[in-house]
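All values reported here derive from a predicted model rather than from experimental measurement. Numbers restart at 1 for each chain; the letters A, B, ... are given by sequence-line order, proteins then strands. Reckoned from all heavy atoms, side chains included, excluding hydrogens, waters and symmetry mates.
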There are 2 protein chains.
Amino acid sequence: MKLKRNERVGALIKILSDHPNEIFTLSYFTNRFNAAKSTISEDIVVAKKMMEDLKLGKIETIAGAAGGVKYIPITSRENNRAVLEGICRKLEEPNRIVPGTFLYMADIIYNPTLVRKMGEIFASQFAGETLDYVVTVETKGIPIALMTANALNLPLIILRRDSKVTEGSTVSINYVSGSTGKIQTMSISKRAIKNGANVIIIDDFMKAGGTAKGMIDMMKEFEANVKGIGVMIATSEPEKKLVDHYIPLLILQNVDEKEGRIHVYPNESLI
Amino acid sequence: MKLKRNERVGALIKILSDHPNEIFTLSYFTNRFNAAKSTISEDIVVAKKMMEDLKLGKIETIAGAAGGVKYIPITSRENNRAVLEGICRKLEEPNRIVPGTFLYMADIIYNPTLVRKMGEIFASQFAGETLDYVVTVETKGIPIALMTANALNLPLIILRRDSKVTEGSTVSINYVSGSTGKIQTMSISKRAIKNGANVIIIDDFMKAGGTAKGMIDMMKEFEANVKGIGVMIATSEPEKKLVDHYIPLLILQNVDEKEGRIHVYPNESLI
(Lines give C-alpha, C1' and ligand atoms only; values in the text may rest on other atoms or scores of the structure.)
Protein backbone atom coordinates (compact mmCIF):
# COMPACT_ATOMS: atom_id res chain seq x y z
CA MET A 1 0.00 0.00 0.00
CA LYS A 2 1.32 3.44 -1.01
CA LEU A 3 0.41 6.28 1.32
CA LYS A 4 0.04 9.96 0.49
CA ARG A 5 2.08 12.59 2.29
CA ASN A 6 -0.79 13.71 4.54
CA GLU A 7 -1.43 10.07 5.49
CA ARG A 8 2.25 9.45 6.21
CA VAL A 9 2.57 12.62 8.29
CA GLY A 10 -0.55 11.68 10.26
CA ALA A 11 0.64 8.11 10.84
CA LEU A 12 4.15 9.22 11.77
CA ILE A 13 2.79 11.64 14.37
CA LYS A 14 0.41 8.99 15.76
CA ILE A 15 3.17 6.42 16.15
CA LEU A 16 5.71 8.85 17.62
CA SER A 17 3.33 10.49 20.08
CA ASP A 18 2.04 7.10 21.27
CA HIS A 19 5.64 6.32 22.27
CA PRO A 20 7.10 9.42 23.92
CA ASN A 21 10.89 9.57 24.11
CA GLU A 22 11.28 6.33 22.16
CA ILE A 23 13.64 6.46 19.18
CA PHE A 24 12.30 5.10 15.88
CA THR A 25 14.72 4.52 13.01
CA LEU A 26 14.00 5.92 9.57
CA SER A 27 13.96 2.32 8.32
CA TYR A 28 11.02 1.58 10.59
CA PHE A 29 8.99 4.15 8.70
CA THR A 30 10.36 3.34 5.22
CA ASN A 31 9.24 -0.27 5.80
CA ARG A 32 5.93 0.49 7.43
CA PHE A 33 4.95 3.19 4.90
CA ASN A 34 6.65 1.61 1.88
CA ALA A 35 8.44 4.86 1.06
CA ALA A 36 11.97 6.10 0.34
CA LYS A 37 14.23 7.48 3.08
CA SER A 38 14.25 10.92 1.47
CA THR A 39 10.44 10.94 1.47
CA ILE A 40 10.29 10.04 5.17
CA SER A 41 12.88 12.71 5.95
CA GLU A 42 10.66 15.31 4.29
CA ASP A 43 7.63 14.01 6.24
CA ILE A 44 9.57 14.46 9.46
CA VAL A 45 10.40 18.07 8.56
CA VAL A 46 6.69 18.78 7.99
CA ALA A 47 5.66 17.05 11.25
CA LYS A 48 8.40 18.79 13.24
CA LYS A 49 7.46 22.29 12.09
CA MET A 50 3.73 21.78 12.63
CA MET A 51 4.23 20.39 16.16
CA GLU A 52 6.36 23.40 17.10
CA ASP A 53 4.03 25.94 15.47
CA LEU A 54 1.01 24.55 17.30
CA LYS A 55 2.96 23.90 20.54
CA LEU A 56 2.01 20.23 20.56
CA GLY A 57 5.45 19.04 21.70
CA LYS A 58 8.77 18.45 20.00
CA ILE A 59 9.96 16.01 17.35
CA GLU A 60 13.70 15.49 17.50
CA THR A 61 15.99 13.79 15.02
CA ILE A 62 19.03 11.98 16.36
CA ALA A 63 21.97 11.55 13.99
CA GLY A 64 24.36 8.59 13.84
CA ALA A 65 24.22 4.81 14.03
CA ALA A 66 21.77 4.71 16.94
CA GLY A 67 19.87 7.58 15.34
CA GLY A 68 16.32 8.11 14.30
CA VAL A 69 13.45 10.28 15.38
CA LYS A 70 11.52 10.67 18.62
CA TYR A 71 8.70 12.68 20.13
CA ILE A 72 9.34 14.65 23.33
CA PRO A 73 6.31 15.96 25.22
CA ILE A 74 7.37 19.52 26.05
CA THR A 75 4.59 21.60 27.55
CA SER A 76 4.37 25.36 27.03
CA ARG A 77 3.84 27.88 29.85
CA GLU A 78 0.39 28.68 28.40
CA ASN A 79 -0.49 24.99 28.58
CA ASN A 80 0.82 24.71 32.14
CA ARG A 81 -1.17 27.77 33.22
CA ALA A 82 -4.41 26.42 31.73
CA VAL A 83 -3.91 22.94 33.22
CA LEU A 84 -2.81 24.09 36.67
CA GLU A 85 -5.38 26.87 37.04
CA GLY A 86 -8.07 24.39 36.01
CA ILE A 87 -6.95 22.02 38.77
CA CYS A 88 -6.86 24.89 41.30
CA ARG A 89 -10.49 25.75 40.47
CA LYS A 90 -11.44 22.14 41.15
CA LEU A 91 -9.43 21.99 44.38
CA GLU A 92 -11.13 25.14 45.64
CA GLU A 93 -14.58 23.54 45.68
CA PRO A 94 -15.56 23.97 49.36
CA ASN A 95 -17.10 20.49 49.72
CA ARG A 96 -13.62 18.95 49.38
CA ILE A 97 -12.73 19.68 52.99
CA VAL A 98 -12.98 16.53 55.10
CA PRO A 99 -12.69 16.58 58.91
CA GLY A 100 -9.11 17.28 59.99
CA THR A 101 -8.70 19.95 57.27
CA PHE A 102 -7.76 17.34 54.74
CA LEU A 103 -8.80 17.71 51.11
CA TYR A 104 -10.66 15.01 49.22
CA MET A 105 -8.69 14.69 45.99
CA ALA A 106 -9.33 11.17 44.66
CA ASP A 107 -11.42 12.46 41.74
CA ILE A 108 -8.46 14.62 40.63
CA ILE A 109 -5.43 12.43 41.34
CA TYR A 110 -7.10 9.34 39.81
CA ASN A 111 -8.45 11.19 36.76
CA PRO A 112 -6.40 9.86 33.82
CA THR A 113 -6.68 13.04 31.72
CA LEU A 114 -5.54 15.30 34.57
CA VAL A 115 -2.70 13.06 35.74
CA ARG A 116 -1.53 12.65 32.15
CA LYS A 117 -1.33 16.43 31.79
CA MET A 118 0.47 16.77 35.13
CA GLY A 119 2.85 13.96 34.14
CA GLU A 120 3.72 15.82 30.94
CA ILE A 121 4.48 18.99 32.89
CA PHE A 122 6.85 17.05 35.18
CA ALA A 123 8.41 15.31 32.18
CA SER A 124 9.08 18.71 30.58
CA GLN A 125 10.81 19.91 33.74
CA PHE A 126 13.14 16.89 33.86
CA ALA A 127 13.57 16.49 30.09
CA GLY A 128 17.23 17.56 30.19
CA GLU A 129 18.33 14.84 32.64
CA THR A 130 19.61 11.38 31.78
CA LEU A 131 17.40 9.18 33.91
CA ASP A 132 16.85 5.49 34.65
CA TYR A 133 13.69 5.43 36.80
CA VAL A 134 10.78 7.40 38.16
CA VAL A 135 10.24 6.54 41.85
CA THR A 136 7.10 6.95 43.95
CA VAL A 137 5.55 5.44 47.07
CA GLU A 138 2.10 3.89 47.16
CA THR A 139 -0.75 4.86 46.73
CA LYS A 140 -1.95 8.31 45.79
CA GLY A 141 1.13 9.37 43.86
CA ILE A 142 1.13 6.31 41.59
CA PRO A 143 -1.08 7.67 38.76
CA ILE A 144 0.87 10.95 38.40
CA ALA A 145 4.19 9.12 38.67
CA LEU A 146 3.12 6.54 36.07
CA MET A 147 2.13 9.25 33.60
CA THR A 148 5.43 11.06 34.22
CA ALA A 149 7.28 7.78 33.59
CA ASN A 150 5.20 7.25 30.45
CA ALA A 151 6.08 10.70 29.08
CA LEU A 152 9.78 10.12 29.84
CA ASN A 153 9.73 6.49 28.60
CA LEU A 154 11.15 5.25 31.91
CA PRO A 155 10.27 2.33 34.20
CA LEU A 156 8.29 3.22 37.31
CA ILE A 157 9.42 2.06 40.76
CA ILE A 158 6.71 1.85 43.43
CA LEU A 159 7.93 1.73 47.02
CA ARG A 160 5.54 -0.29 49.21
CA ARG A 161 4.30 0.58 52.68
CA ASP A 162 4.83 -3.03 53.69
CA SER A 163 6.98 -5.81 52.27
CA LYS A 164 5.07 -8.30 50.18
CA VAL A 165 6.05 -11.93 49.96
CA THR A 166 5.78 -11.96 46.17
CA GLU A 167 8.65 -9.54 45.71
CA GLY A 168 11.54 -11.78 46.78
CA SER A 169 14.16 -10.31 49.12
CA THR A 170 13.49 -6.69 49.99
CA VAL A 171 15.18 -3.61 51.41
CA SER A 172 13.17 -1.80 54.08
CA ILE A 173 13.74 1.51 55.81
CA ASN A 174 11.97 3.36 58.58
CA TYR A 175 11.31 7.06 58.32
CA VAL A 176 9.54 9.67 60.38
CA SER A 177 6.54 11.38 58.88
CA GLY A 178 7.36 15.08 59.16
CA SER A 179 3.76 16.11 59.77
CA THR A 180 2.55 13.38 62.17
CA GLY A 181 5.87 12.41 63.79
CA LYS A 182 4.94 8.74 63.38
CA ILE A 183 7.44 6.12 62.32
CA GLN A 184 6.60 4.56 58.98
CA THR A 185 8.13 1.84 56.84
CA MET A 186 8.81 1.57 53.15
CA SER A 187 10.12 -1.43 51.25
CA ILE A 188 11.24 -2.38 47.80
CA SER A 189 12.49 -5.55 46.17
CA LYS A 190 16.29 -5.68 46.02
CA ARG A 191 16.18 -6.46 42.32
CA ALA A 192 13.92 -3.52 41.43
CA ILE A 193 16.67 -0.89 41.16
CA LYS A 194 20.11 -1.31 39.66
CA ASN A 195 22.93 0.24 41.65
CA GLY A 196 24.05 3.78 40.89
CA ALA A 197 20.95 4.67 38.86
CA ASN A 198 19.71 8.20 38.17
CA VAL A 199 16.16 8.74 39.40
CA ILE A 200 13.49 11.36 39.93
CA ILE A 201 10.96 11.14 42.75
CA ILE A 202 7.30 11.99 42.09
CA ASP A 203 4.56 12.19 44.76
CA ASP A 204 1.15 13.77 45.19
CA PHE A 205 1.59 15.81 48.37
CA MET A 206 4.36 17.34 50.47
CA LYS A 207 3.88 18.97 53.84
CA ALA A 208 7.03 18.64 55.95
CA GLY A 209 8.82 16.49 53.38
CA GLY A 210 9.28 13.40 55.58
CA THR A 211 8.09 10.96 52.93
CA ALA A 212 10.30 12.53 50.25
CA LYS A 213 13.23 12.37 52.69
CA GLY A 214 12.42 8.68 53.29
CA MET A 215 12.48 8.03 49.55
CA ILE A 216 15.86 9.80 49.25
CA ASP A 217 17.20 7.61 52.08
CA MET A 218 15.88 4.53 50.33
CA MET A 219 17.64 5.59 47.14
CA LYS A 220 20.93 5.79 49.08
CA GLU A 221 20.59 2.07 49.81
CA PHE A 222 20.94 1.57 46.05
CA GLU A 223 23.59 4.29 45.62
CA ALA A 224 21.12 6.02 43.33
CA ASN A 225 21.38 9.70 42.41
CA VAL A 226 18.20 11.66 43.00
CA LYS A 227 18.18 14.14 40.11
CA GLY A 228 14.92 15.81 41.04
CA ILE A 229 11.75 15.71 43.10
CA GLY A 230 8.32 16.66 41.82
CA VAL A 231 5.15 16.93 43.91
CA MET A 232 1.70 17.79 42.74
CA ILE A 233 0.91 19.91 45.83
CA ALA A 234 3.27 21.38 48.41
CA THR A 235 1.92 23.26 51.41
CA SER A 236 3.30 26.77 51.91
CA GLU A 237 3.78 25.94 55.63
CA PRO A 238 6.17 24.78 57.00
CA GLU A 239 8.26 26.83 54.59
CA LYS A 240 11.38 24.86 55.55
CA LYS A 241 10.91 21.26 54.36
CA LEU A 242 13.07 18.23 55.14
CA VAL A 243 14.24 18.23 51.49
CA ASP A 244 15.85 21.17 49.74
CA HIS A 245 15.07 21.09 46.06
CA TYR A 246 11.68 20.09 44.76
CA ILE A 247 9.27 21.24 42.08
CA PRO A 248 5.65 21.61 43.18
CA LEU A 249 2.95 22.04 40.54
CA LEU A 250 0.68 23.78 43.04
CA ILE A 251 1.09 25.54 46.38
CA LEU A 252 -1.56 24.99 49.05
CA GLN A 253 -1.60 28.09 51.20
CA ASN A 254 -4.55 27.56 53.45
CA VAL A 255 -7.55 25.33 54.19
CA ASP A 256 -10.09 27.24 56.26
CA GLU A 257 -12.47 24.55 57.52
CA LYS A 258 -14.77 27.04 59.26
CA GLU A 259 -15.21 29.30 56.25
CA GLY A 260 -15.02 26.42 53.77
CA ARG A 261 -12.28 28.18 51.83
CA ILE A 262 -9.29 26.60 50.15
CA HIS A 263 -6.43 28.73 48.90
CA VAL A 264 -4.26 27.05 46.26
CA TYR A 265 -2.30 28.47 43.33
CA PRO A 266 0.06 27.26 40.60
CA ASN A 267 3.84 27.32 41.00
CA GLU A 268 4.67 30.68 39.40
CA SER A 269 7.89 29.42 37.83
CA LEU A 270 5.98 26.94 35.62
CA ILE A 271 3.41 29.30 34.13
CA MET B 1 -1.63 31.02 10.70
CA LYS B 2 -2.90 28.96 7.78
CA LEU B 3 -2.00 25.29 7.86
CA LYS B 4 -1.57 22.91 4.94
CA ARG B 5 -3.64 19.74 4.71
CA ASN B 6 -0.81 17.46 5.83
CA GLU B 7 -0.20 19.74 8.83
CA ARG B 8 -3.90 19.80 9.72
CA VAL B 9 -4.23 16.02 9.39
CA GLY B 10 -1.15 15.52 11.59
CA ALA B 11 -2.36 17.98 14.23
CA LEU B 12 -5.88 16.54 14.22
CA ILE B 13 -4.54 13.04 14.79
CA LYS B 14 -2.20 14.25 17.55
CA ILE B 15 -4.98 16.04 19.41
CA LEU B 16 -7.53 13.24 19.04
CA SER B 17 -5.18 10.42 19.98
CA ASP B 18 -3.91 12.36 23.04
CA HIS B 19 -7.54 12.36 24.26
CA PRO B 20 -8.99 8.91 23.61
CA ASN B 21 -12.79 8.68 23.63
CA GLU B 22 -13.18 12.44 24.09
CA ILE B 23 -15.50 14.18 21.62
CA PHE B 24 -14.12 17.29 19.88
CA THR B 25 -16.52 19.53 17.94
CA LEU B 26 -15.74 20.56 14.37
CA SER B 27 -15.71 24.16 15.62
CA TYR B 28 -12.80 23.32 17.92
CA PHE B 29 -10.73 22.45 14.85
CA THR B 30 -12.04 25.25 12.60
CA ASN B 31 -10.96 27.73 15.31
CA ARG B 32 -7.66 26.10 16.17
CA PHE B 33 -6.64 25.52 12.54
CA ASN B 34 -8.29 28.66 11.11
CA ALA B 35 -10.04 26.60 8.41
CA ALA B 36 -13.56 26.08 7.03
CA LYS B 37 -15.85 23.33 8.30
CA SER B 38 -15.83 21.62 4.90
CA THR B 39 -12.01 21.59 4.96
CA ILE B 40 -11.93 20.01 8.43
CA SER B 41 -14.51 17.43 7.34
CA GLU B 42 -12.26 16.41 4.47
CA ASP B 43 -9.27 16.23 6.85
CA ILE B 44 -11.25 13.89 9.07
CA VAL B 45 -12.04 11.60 6.13
CA VAL B 46 -8.33 11.37 5.29
CA ALA B 47 -7.36 10.72 8.94
CA LYS B 48 -10.10 8.13 9.40
CA LYS B 49 -9.13 6.08 6.33
CA MET B 50 -5.42 6.14 7.14
CA MET B 51 -5.99 5.05 10.75
CA GLU B 52 -8.10 2.12 9.61
CA ASP B 53 -5.74 1.13 6.79
CA LEU B 54 -2.75 1.09 9.14
CA LYS B 55 -4.75 -0.41 12.06
CA LEU B 56 -3.81 2.46 14.36
CA GLY B 57 -7.28 2.70 15.95
CA LYS B 58 -10.57 4.22 14.90
CA ILE B 59 -11.74 7.79 14.33
CA GLU B 60 -15.49 8.11 14.71
CA THR B 61 -17.74 11.01 13.78
CA ILE B 62 -20.84 11.60 15.92
CA ALA B 63 -23.76 13.42 14.28
CA GLY B 64 -26.16 15.83 15.98
CA ALA B 65 -26.02 18.73 18.43
CA ALA B 66 -23.62 16.97 20.83
CA GLY B 67 -21.70 15.71 17.82
CA GLY B 68 -18.11 15.90 16.73
CA VAL B 69 -15.24 13.52 16.26
CA LYS B 70 -13.34 11.21 18.59
CA TYR B 71 -10.53 8.68 18.58
CA ILE B 72 -11.21 5.16 19.86
CA PRO B 73 -8.19 2.95 20.59
CA ILE B 74 -9.22 -0.33 19.00
CA THR B 75 -6.45 -2.91 18.93
CA SER B 76 -6.20 -5.54 16.22
CA ARG B 77 -5.69 -9.25 16.84
CA GLU B 78 -2.22 -9.00 15.26
CA ASN B 79 -1.38 -6.22 17.70
CA ASN B 80 -2.71 -8.21 20.65
CA ARG B 81 -0.73 -11.27 19.62
CA ALA B 82 2.52 -9.31 19.34
CA VAL B 83 1.99 -7.50 22.65
CA LEU B 84 0.85 -10.54 24.63
CA GLU B 85 3.42 -12.96 23.24
CA GLY B 86 6.10 -10.39 24.01
CA ILE B 87 4.95 -10.25 27.62
CA CYS B 88 4.86 -14.07 27.82
CA ARG B 89 8.49 -14.23 26.68
CA LYS B 90 9.41 -11.82 29.48
CA LEU B 91 7.37 -13.71 32.06
CA GLU B 92 9.05 -16.97 31.13
CA GLU B 93 12.51 -15.76 32.18
CA PRO B 94 13.43 -18.39 34.83
CA ASN B 95 14.94 -15.88 37.30
CA ARG B 96 11.47 -14.45 37.92
CA ILE B 97 10.53 -17.25 40.28
CA VAL B 98 10.73 -16.09 43.91
CA PRO B 99 10.39 -18.49 46.85
CA GLY B 100 6.81 -19.71 47.20
CA THR B 101 6.46 -20.14 43.40
CA PHE B 102 5.52 -16.49 43.03
CA LEU B 103 6.63 -14.55 39.99
CA TYR B 104 8.48 -11.26 40.22
CA MET B 105 6.55 -9.00 37.87
CA ALA B 106 7.17 -5.40 39.02
CA ASP B 107 9.31 -4.61 35.97
CA ILE B 108 6.39 -5.60 33.72
CA ILE B 109 3.34 -4.31 35.58
CA TYR B 110 5.01 -0.95 36.33
CA ASN B 111 6.41 -0.50 32.80
CA PRO B 112 4.40 2.38 31.29
CA THR B 113 4.72 1.18 27.69
CA LEU B 114 3.57 -2.36 28.50
CA VAL B 115 0.69 -1.31 30.77
CA ARG B 116 -0.44 1.25 28.19
CA LYS B 117 -0.61 -1.50 25.57
CA MET B 118 -2.46 -3.84 27.94
CA GLY B 119 -4.83 -1.02 28.88
CA GLU B 120 -5.65 -0.47 25.20
CA ILE B 121 -6.42 -4.17 24.75
CA PHE B 122 -8.83 -4.06 27.71
CA ALA B 123 -10.37 -0.82 26.42
CA SER B 124 -10.99 -2.50 23.05
CA GLN B 125 -12.76 -5.39 24.75
CA PHE B 126 -15.11 -3.10 26.69
CA ALA B 127 -15.49 -0.43 23.98
CA GLY B 128 -19.15 -1.33 23.35
CA GLU B 129 -20.29 -0.72 26.94
CA THR B 130 -21.57 2.57 28.39
CA LEU B 131 -19.41 2.94 31.47
CA ASP B 132 -18.88 5.37 34.36
CA TYR B 133 -15.75 4.08 36.10
CA VAL B 134 -12.85 1.67 35.98
CA VAL B 135 -12.36 0.05 39.42
CA THR B 136 -9.24 -1.59 40.84
CA VAL B 137 -7.74 -2.37 44.26
CA GLU B 138 -4.29 -1.20 45.35
CA THR B 139 -1.44 -1.68 44.47
CA LYS B 140 -0.23 -3.83 41.60
CA GLY B 141 -3.28 -3.45 39.38
CA ILE B 142 -3.25 0.37 39.49
CA PRO B 143 -1.01 1.04 36.46
CA ILE B 144 -2.92 -1.31 34.13
CA ALA B 145 -6.27 -0.02 35.42
CA LEU B 146 -5.17 3.60 34.99
CA MET B 147 -4.13 3.01 31.39
CA THR B 148 -7.43 1.22 30.71
CA ALA B 149 -9.29 4.19 32.21
CA ASN B 150 -7.18 6.55 30.12
CA ALA B 151 -8.01 4.69 26.89
CA LEU B 152 -11.73 4.69 27.79
CA ASN B 153 -11.68 8.32 29.07
CA LEU B 154 -13.15 7.24 32.41
CA PRO B 155 -12.31 8.11 36.03
CA LEU B 156 -10.37 5.46 37.96
CA ILE B 157 -11.55 4.24 41.35
CA ILE B 158 -8.87 2.74 43.62
CA LEU B 159 -10.14 0.60 46.50
CA ARG B 160 -7.81 0.83 49.49
CA ARG B 161 -6.59 -2.03 51.70
CA ASP B 162 -7.14 0.16 54.74
CA SER B 163 -9.29 3.23 55.32
CA LYS B 164 -7.37 6.47 55.26
CA VAL B 165 -8.37 9.46 57.31
CA THR B 166 -8.04 11.83 54.36
CA GLU B 167 -10.90 10.23 52.47
CA GLY B 168 -13.82 11.36 54.63
CA SER B 169 -16.45 8.75 55.53
CA THR B 170 -15.75 5.37 53.98
CA VAL B 171 -17.46 2.08 53.16
CA SER B 172 -15.47 -1.00 54.15
CA ILE B 173 -16.05 -4.66 53.44
CA ASN B 174 -14.32 -7.84 54.49
CA TYR B 175 -13.65 -10.58 52.00
CA VAL B 176 -11.90 -13.93 52.01
CA SER B 177 -8.86 -14.34 49.80
CA GLY B 178 -9.66 -17.41 47.72
CA SER B 179 -6.07 -18.62 47.59
CA THR B 180 -4.89 -18.00 51.19
CA GLY B 181 -8.24 -18.23 53.01
CA LYS B 182 -7.32 -15.08 54.97
CA ILE B 183 -9.83 -12.37 55.76
CA GLN B 184 -8.95 -9.06 54.12
CA THR B 185 -10.46 -5.59 54.14
CA MET B 186 -11.09 -3.09 51.40
CA SER B 187 -12.38 0.47 51.77
CA ILE B 188 -13.48 3.35 49.62
CA SER B 189 -14.73 6.85 50.30
CA LYS B 190 -18.54 7.05 50.21
CA ARG B 191 -18.38 9.95 47.79
CA ALA B 192 -16.08 8.22 45.30
CA ILE B 193 -18.81 6.31 43.42
CA LYS B 194 -22.24 7.61 42.44
CA ASN B 195 -25.07 5.16 43.02
CA GLY B 196 -26.18 2.88 40.20
CA ALA B 197 -23.04 3.42 38.10
CA ASN B 198 -21.76 1.08 35.39
CA VAL B 199 -18.24 -0.13 36.06
CA ILE B 200 -15.57 -2.51 34.89
CA ILE B 201 -13.07 -4.10 37.26
CA ILE B 202 -9.40 -4.38 36.27
CA ASP B 203 -6.70 -6.20 38.26
CA ASP B 204 -3.30 -7.71 37.68
CA PHE B 205 -3.76 -11.28 38.88
CA MET B 206 -6.55 -13.78 39.54
CA LYS B 207 -6.09 -17.16 41.20
CA ALA B 208 -9.28 -18.22 43.00
CA GLY B 209 -11.04 -14.92 42.29
CA GLY B 210 -11.55 -13.87 45.93
CA THR B 211 -10.34 -10.31 45.40
CA ALA B 212 -12.51 -9.87 42.31
CA LYS B 213 -15.46 -11.26 44.26
CA GLY B 214 -14.69 -8.75 47.03
CA MET B 215 -14.70 -5.90 44.51
CA ILE B 216 -18.06 -7.08 43.14
CA ASP B 217 -19.45 -7.12 46.69
CA MET B 218 -18.12 -3.62 47.26
CA MET B 219 -19.85 -2.46 44.06
CA LYS B 220 -23.14 -3.83 45.42
CA GLU B 221 -22.83 -1.36 48.30
CA PHE B 222 -23.14 1.38 45.67
CA GLU B 223 -25.77 -0.48 43.59
CA ALA B 224 -23.25 -0.41 40.77
CA ASN B 225 -23.48 -2.72 37.75
CA VAL B 226 -20.30 -4.65 37.04
CA LYS B 227 -20.23 -4.79 33.24
CA GLY B 228 -16.99 -6.69 32.97
CA ILE B 229 -13.84 -7.92 34.68
CA GLY B 230 -10.39 -7.87 33.14
CA VAL B 231 -7.26 -9.40 34.65
CA MET B 232 -3.77 -9.37 33.26
CA ILE B 233 -3.01 -12.93 34.36
CA ALA B 234 -5.41 -15.69 35.44
CA THR B 235 -4.07 -19.01 36.65
CA SER B 236 -5.44 -22.06 34.83
CA GLU B 237 -5.97 -23.75 38.25
CA PRO B 238 -8.40 -23.68 40.01
CA GLU B 239 -10.45 -23.78 36.81
CA LYS B 240 -13.58 -22.81 38.75
CA LYS B 241 -13.13 -19.26 40.07
CA LEU B 242 -15.30 -17.36 42.53
CA VAL B 243 -16.41 -15.10 39.66
CA ASP B 244 -18.00 -16.31 36.43
CA HIS B 245 -17.15 -13.96 33.60
CA TYR B 246 -13.75 -12.38 33.27
CA ILE B 247 -11.31 -11.61 30.49
CA PRO B 248 -7.70 -12.60 31.16
CA LEU B 249 -4.97 -11.31 28.86
CA LEU B 250 -2.71 -14.24 29.79
CA ILE B 251 -3.17 -17.69 31.29
CA LEU B 252 -0.56 -18.91 33.75
CA GLN B 253 -0.52 -22.68 33.53
CA ASN B 254 2.40 -23.66 35.65
CA VAL B 255 5.36 -22.40 37.66
CA ASP B 256 7.89 -25.19 38.13
CA GLU B 257 10.23 -23.90 40.83
CA LYS B 258 12.53 -26.92 40.68
CA GLU B 259 13.02 -26.84 36.92
CA GLY B 260 12.84 -23.05 36.77
CA ARG B 261 10.15 -23.22 34.10
CA ILE B 262 7.17 -20.91 33.72
CA HIS B 263 4.34 -21.79 31.37
CA VAL B 264 2.21 -18.84 30.35
CA TYR B 265 0.28 -18.10 27.14
CA PRO B 266 -2.05 -15.45 25.69
CA ASN B 267 -5.85 -15.74 25.95
CA GLU B 268 -6.63 -17.38 22.59
CA SER B 269 -9.83 -15.40 22.09
CA LEU B 270 -7.91 -12.11 21.92
CA ILE B 271 -5.28 -13.02 19.33
Side-chain angles (χ1 to χ4, degrees), chain A residues 1 3-15 17-19 22 32-33 43 46-47 49-51 53-54 56-57 98-100 102-107 110-113 115-116 138-140 142-143 146-147 149-151 153-158 160 165-169 189 191-192, chain B residues 1 3-15 17-19 22 32-33 43 46-47 49-51 53-54 56-57 98-100 102-107 110-113 115-116 138-140 142-143 146-147 149-151 153-158 160 165-169 189 191-192:
Chain A
M1 173 175 43
L3 298 170
K4 289 181 200 148
R5 163 139 297 155
N6 54 44
E7 293 173 317
R8 286 194 313 268
V9 171
L12 180 117
I13 288 176
K14 174 81 172 82
I15 292 164
S17 72
D18 277 355
H19 301 85
E22 189 176 324
R32 182 124 189 214
F33 300 164
D43 296 341
V46 171
K49 185 177 172 302
M50 181 281 289
M51 296 279 281
D53 288 348
L54 291 178
L56 290 172
V98 289
F102 286 109
L103 290 185
Y104 179 81
M105 305 203 299
D107 58 327
Y110 301 156
N111 176 308
T113 307
V115 293
R116 192 181 57 227
E138 62 183 347
T139 298
K140 293 185 178 175
I142 296 174
L146 180 72
M147 287 302 191
N150 183 48
N153 191 27
L154 292 174
L156 174 66
I157 306 291
I158 301 179
R160 303 294 299 258
V165 66
T166 54
E167 300 273 304
S169 54
S189 172
R191 65 198 281 177
Chain B
M1 173 176 42
L3 298 170
K4 291 182 199 149
R5 162 139 296 154
N6 53 43
E7 292 172 317
R8 287 194 313 269
V9 170
L12 181 120
I13 288 176
K14 173 79 172 83
I15 293 165
S17 71
D18 275 356
H19 301 86
E22 188 175 325
R32 182 127 190 209
F33 300 165
D43 295 342
V46 171
K49 184 176 173 301
M50 180 281 288
M51 296 279 281
D53 288 348
L54 290 180
L56 291 173
V98 288
F102 287 108
L103 289 185
Y104 180 81
M105 304 203 297
D107 58 326
Y110 301 156
N111 177 309
T113 308
V115 293
R116 192 179 59 226
E138 61 184 350
T139 297
K140 293 186 180 174
I142 296 175
L146 180 73
M147 287 301 191
N150 183 48
N153 190 27
L154 292 173
L156 174 66
I157 307 290
I158 301 179
R160 303 292 299 257
V165 68
T166 55
E167 300 273 304
S169 55
S189 172
R191 64 198 284 176

For L54(A), which atoms come within 4.5 Å of any heavy atom of chain B: side chain, backbone, both, or neither?
both
Which atoms of P143(A) come close to chain B, meaning under 4.5 Å heavy atom to heavy atom: side chain ones, backbone ones, both, or neither?
both
Given a strict heavy-atom distance threshold of 4.5 Å, which part of I142(B) is in contact with chain A: side chain, backbone, both, or neither?
side chain
Taking C-beta and beyond as the side chain, do V115(B) and L156(A) meet within less than 4.5 Å on heavy atoms?
no
Which bit of M51(B) is near chain A, if near means a heavy-atom gap under 4.5 Å: side chain, backbone, both or neither?
side chain
Any side-chain heavy-atom pair from R116(B) and H19(A) closer than 4.5 angstrom?
yes
So which of D107(B), D18(B), I15(B) has the biggest tally of heavy-atom pairs under 4.5 Å with chain A?
D18(B)
Given heavy-atom pairs under 4.5 angstrom as the criterion, report whether the side chain, backbone, both or neither of L3(A) touches chain B.
side chain
Close side-chain approach of N111(A) and P155(B), heavy atoms under 4.5 Å:
no
Minimum heavy-atom distance between V98(A) and L103(A), given as atom pair plus value:
CG2-N, 4.4 Å
Where F33(B) and R8(B) come nearest, the two heavy atoms and their spacing
CE1-O, 3.7 Å
Are side-chain heavy atoms of M147(B) and M147(A) found at a separation under 4.5 Å?
yes
Rounded distance (nearest 0.5 Å) linking atom CG of L154(A) with atom CG of L146(A):
11.5 Å
Given the options T113(A), L56(A), I157(A), which has more heavy-atom pairs under 4.5 Å with chain B than any of the others?
L56(A)
Interface moiety of A47(A) toward chain B, non-hydrogen atoms closer than 4.5 Å:
neither
Does any heavy atom of chain A fall under 4.5 Å from the side chain of K4(B), the backbone, both, or neither of them?
neither
Taking every non-hydrogen pair under 4.5 Å, which of E22(A), K49(A), M50(A) racks up the most with chain B?
M50(A)
Using heavy-atom distances under 4.5 Å, tell me whether D53(A) contacts chain B through its side chain, its backbone, both, or neither.
both
Check whether S169(A) gets within reach of chain B through its side chain, its backbone, both or neither, counting any heavy atom under 4.5 Å.
neither
Looking only at heavy atoms, what is the nearest atom pair of G10(A) and V9(B), with distance?
CA-CG1, 4.4 Å
Could you have a look at R5(A), R32(A), M105(A), K14(A) and say which one has the most heavy-atom pairs with chain B under 4.5 angstrom?
K14(A)
Any side-chain heavy-atom pair of I158(B) and K140(A) under 4.5 Å
no
